[in-house]
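See structure below.
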2 protein chains.
Amino acid sequence: MVLIIVLWPEMANTAKYSKQRELILNILRSSKSHPTADEVYEQARLQIPKISLGTVYRNLNFLAAEGRIQRLGFDSGIAQFDGDLRDHYHIRCTRCGRIEDVPHGTHRVTYDEVESLTGYKIHHLHLAFFGLCRECKQKREEEP
Amino acid sequence: MVLIIVLWPEMANTAKYSKQRELILNILRSSKSHPTADEVYEQARLQIPKISLGTVYRNLNFLAAEGRIQRLGFDSGIAQFDGDLRDHYHIRCTRCGRIEDVPHGTHRVTYDEVESLTGYKIHHLHLAFFGLCRECKQKREEEP
DNA sequence: GTACTTGCAAAAGTTTTGCAAATTG
DNA sequence: CAATTTGCAAAACTTTTGCAAGTAC
């Protein structure tokens, strides 16, 4: 219940607490796998069996709008979510679909030049690498 | 018809020519708007009225797998496509959804460090900026 | 008590697929 | 002729929404 105290003051001032929303946020924060809405739903059902998929979507959208989670796109046409707000990038295997984190610091991408070039006011960026993971590199060599 | 000569030798050796596939590729190459599958379909119907949405999807998937077009994710849960294969990045307005190009050269993101850090063999990356476009910046000031 | 949130179920929107007919090489 | 591609239509999958009941403040 500590989380309520910690998190809710940062939510929109009209927002009310719900255990469903808390659970969804916690699932994303403790996951390293960038789950889809449906995967969050399956996780959530383990703790709140009657939770509905609609509630999961509503909360994912709410939390993303509040900036408490990140909605990621990649190339799939299916949204994936990330509860890690620290500056970091992603790398995705184009063969098995696995997504892993790339720590920030390998690159220092700054906004200034792009802002003056485009006229936009930038608030965040998403850098994703695509390639073959260790396992799939090996598999490809074995069966060409 | 020149395109056939230019493009088809680069397609998978099992691939056959079709005017639908040529049209879809041309639509993406001449577009600057990063269209969704449905937008490509509407464009294509102007020239081949009986083309089906299934054909559009099949060809978009084929061309993306061949590396002839890029499938973009952003955060929408809807796939968008880009026929521009030159190195460039994207910037998207989080208010109106508009997507524009950012020329490569503002940043030089190299693969080496990330490859040794992750063990992946990287073949491409996608860098996307998110923020408010010129118009939406102004609108937000007028009506807070 | 009021406003926000939920579960349910239906609707809307996106993408894939089976199949017979048409087209390509 | 064999293999690939198409149009059509149905199916599968993802996301949003209306509403009455429940919960938070």
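In this text, all values refer to a predicted model and were calculated from it rather than measured experimentally. Every chain is numbered from 1 and lettered A, B, ... according to where its sequence line falls, protein lines coming before strand lines. Quick note: numbers below take in every heavy atom, side chains included, and nothing from hydrogens, waters or symmetry partners.
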query: Atom CZ of B:F62 and atom P of C:dT17: how far apart are they, to the nearest Å?
result: 16 Å
- prompt: Under a 4.5 Å cut-off applied to non-hydrogen side-chain atoms, are A:E135 and A:R98 in contact?
  reply: yes
- request: Respond yes when some side-chain nitrogen or oxygen of A:T55 is under 4.0 Å from OP1 or OP2 of C:dG7, and no when none is.
  value: yes
task: Starting from C1' on D:dT23, measure out to CD1 on A:I51 and report it in whole angstrom.
output: 15 Å
- request: For A:D38, enumerate each residue passing the salt bridge (charged side-chain N to carboxylate O under 4.0 Å, His left out) test, keeping only those at least two apart in sequence or located in another chain.
  value: none
- line: Per side chain to side chain donor-acceptor pair (under 3.5 Å), B:D82 is matched among B:H88, B:K32, B:R29 by B:H88
- prompt: Is the closest side-chain heavy-atom distance between B:S33 and B:I99 below 4.5 Å?
  reply: no
- request: Take atom CG of B:L23 and atom C1' of D:dG7, then tell me their distance rounded to the nearest Å.
  value: 15 Å
Residue list, salt bridge (charged side-chain N to carboxylate O under 4.0 Å, His left out) with B:D84, at least two apart or on another chain: B:R86
- prompt: Taking for each residue the nucleotide of DNA chain D bearing the nearest heavy atom, is the 5' side occupied by B:I24 or by A:A15?
  reply: B:I24
message: List the residues meeting side chain to side chain donor-acceptor pair (under 3.5 Å) with B:H123, not counting sequence neighbours, and say none if there are none.
response: A:T94
query: Under a 4.5 Å cut-off applied to non-hydrogen side-chain atoms, are B:Q70 and B:F81 in contact?
result: no
Protein-nucleic acid N or O pairs under 3.5 Å, nucleotides 12-16 of chain C:
from	atom 1	to	atom 2	distance (Å)
C:dT15	OP1	B:A79	N	3.2
C:dT15	OP2	B:Y57	OH	2.5
C:dT15	O5'	B:Y57	OH	3.2
C:dT16	OP2	B:N61	ND2	2.9

message: Counting only side-chain nitrogens and oxygens, does B:Q20 get under 4.0 Å of the OP1 or OP2 atom of D:dG7?
response: yes
statement: Across all chains, not counting sequence neighbours, the salt bridge (charged side-chain N to carboxylate O under 4.0 Å, His left out) partners of B:R92 are B:D75
field: Integer-rounded Å distance: D:dT4 C1' and B:E22 CD
entry: 17 Å
- prompt: CZ of B:R21 versus C1' of C:dG25: gap in Å, rounded?
  reply: 14 Å
statement: So ring pair (Phe, Tyr, Trp, His ring centres under 6.0 Å) across residues 43-76 of chain B, not counting sequence neighbours, yields B:F74-B:H90, B:F74-B:H126
query: At how many degrees, to 10°, do the end axes of the helix from C:dG1-D:dC25 to C:dG25-D:dC1 meet when each uses five pairs?
result: 40°
Would you tabulate the side-chain donor-acceptor contacts of residues 44-52 of chain A under 3.5 Å, counting partners in other chains and residues two or more places apart, or write 'none'?
from	atom 1	to	atom 2	distance (Å)
A:R45	NH2	A:E42	OE1	3.4
A:R45	NH2	A:E42	OE2	3.4
A:S52	OG	A:T55	N	3.2
A:S52	OG	A:T55	OG1	3.2

- request: Tell me which residues in residues 39-47 of chain B put a heavy atom below 4.0 Å from DNA chain D, sorted by number, or none.
  value: none
message: For B:S18, give me all partners under side chain to side chain donor-acceptor pair (under 3.5 Å), at least two apart in sequence or on another chain.
response: none
task: Starting at atom NZ of A:K50, determine the distance to atom C1' of C:dT6, rounded to an integer number of angstrom.
output: 11 Å
- prompt: Rounded to the nearest Å, what distance is computed from the CD1 atom of residue A:I48 to the C1' atom of nucleotide C:dC8?
  reply: 16 Å
task: Measure the shortest side-chain to side-chain distance between A:M11 and A:R68 over non-hydrogen atoms and say whether it is less than 4.5 angstrom.
output: yes
Under-3.5 Å N/O pairs linking protein and nucleotides 20-24 of chain C:
from	atom 1	to	atom 2	distance (Å)
C:dT24	O2	B:K16	NZ	2.5

message: According to a hydrophobic-cluster definition based on side-chain heavy atoms being under 4.5 Å apart (Ile, Leu, Val, Met, Phe, Trp, Tyr only), do A:L28 and A:I78 belong together?
response: no
task: Scan residues 121-134 of chain B for pairs that pass salt bridge (charged side-chain N to carboxylate O under 4.0 Å, His left out), counting only residues two or more places apart or in two chains.
output: B:E100-B:R134, B:E115-B:K121
